[in-house]
Amino acid sequence: MKFRPLHDRVLVRRAEAETKTAGGIIIPGTAEEKPSEGEIVAVGNGYVNDNGDVRSLDVKEGDKIIFSKWAGTEITIDGEELMVMKESDVIGVIAA
C-alpha cells in the first residue's frame with residue numbers, strides 16, 4: 001500500500017528499542033520504553049497558512065529525527081508499525 005501524509009504531516013519508522021543497557025543488563029519487553037527517535041519515510045506537501053500559501057517542510061525522506069514523547073498516531077501499513085505526526089512534533093534532525 002502506498003501512503004502519502006497530507007499537509008504538514010510526516011510518516012516515521014520508529015527506531016528499534018534497546019534491549020540491553022550499557023552495563024549489559026537485559027531489559028524485559030514489558031519494561032522497555034519506546035524510543036523517541038526514528039527515520040522519516042514520507043512527507044506531506046507542506047504547511048498551508050491562513051492565506052492559502054504552502055510552506056515546504058524542513059524535514060525530508062531519510063532524515064533521522066528525534067520527536068516528542070507523546071507525538072503522533074501509530075498506524076500499521078503492510079504489517080509494519082509506523083507513526084504519523086505533524087512536523088511541529090519533530091524536535092530536531094540528527095546530523096549524519
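No hydrogens, no waters, no symmetry mates; every other heavy atom, side chains included, goes into these values.
Distance CD/Glu87 to CG/Asp58: 5.0 Å, rounded to 0.5 Å. We find the CZ-CZ distance between Arg14 and Phe67 to be 4.5 Å, quoted to the nearest 0.5 Å. Of the inter-residue distances, the one linking Leu82 atom CG with Leu11 atom CG reads 5.0 Å to the nearest 0.5 angstrom. Taking CD1 from Ile65 and CD from Glu37, the interatomic distance works out to 9.5 Å, rounded to the nearest 0.5 Å. The line from CG of Asp8 to CZ of Arg55 is 7.5 Å long, rounded to the nearest 0.5 Å. To the nearest 0.5 Å, the span separating CG on Asp78 from CZ on Phe3 amounts to 12.0 Å.
Put simply, the side chain of Asn49 gets close to the backbone of Asn51: a donor and an acceptor are under 3.5 Å apart.
Between Arg9 and Arg4, every side-chain heavy-atom pair lies at or beyond the 4.5 Å cut-off. Side-chain contact between Val41 and Val12: absent, with no pair of heavy atoms (C-beta onward) separated by less than 4.5 Å. Two residues are said to be in side-chain contact when any heavy atoms from C-beta on lie closer than 4.5 Å; Val48 and Asp53 fail this criterion.
Under the 4.5 Å side-chain contact rule for hydrophobic residues, Val43 and Val93 share a cluster. Note on Met85 and Tyr47: separate hydrophobic clusters, where clusters join Ile, Leu, Val, Met, Phe, Trp and Tyr whose side-chain heavy atoms are under 4.5 Å apart, directly or indirectly.
Atom CG of Asp50 has 12 or fewer heavy atoms from other residues, nucleotides or ligands within 6.0 Å.
Contact check on Asp63 versus Lys60 returns a salt bridge, with a Lys/Arg side-chain nitrogen under 4.0 Å from an Asp/Glu carboxylate oxygen.
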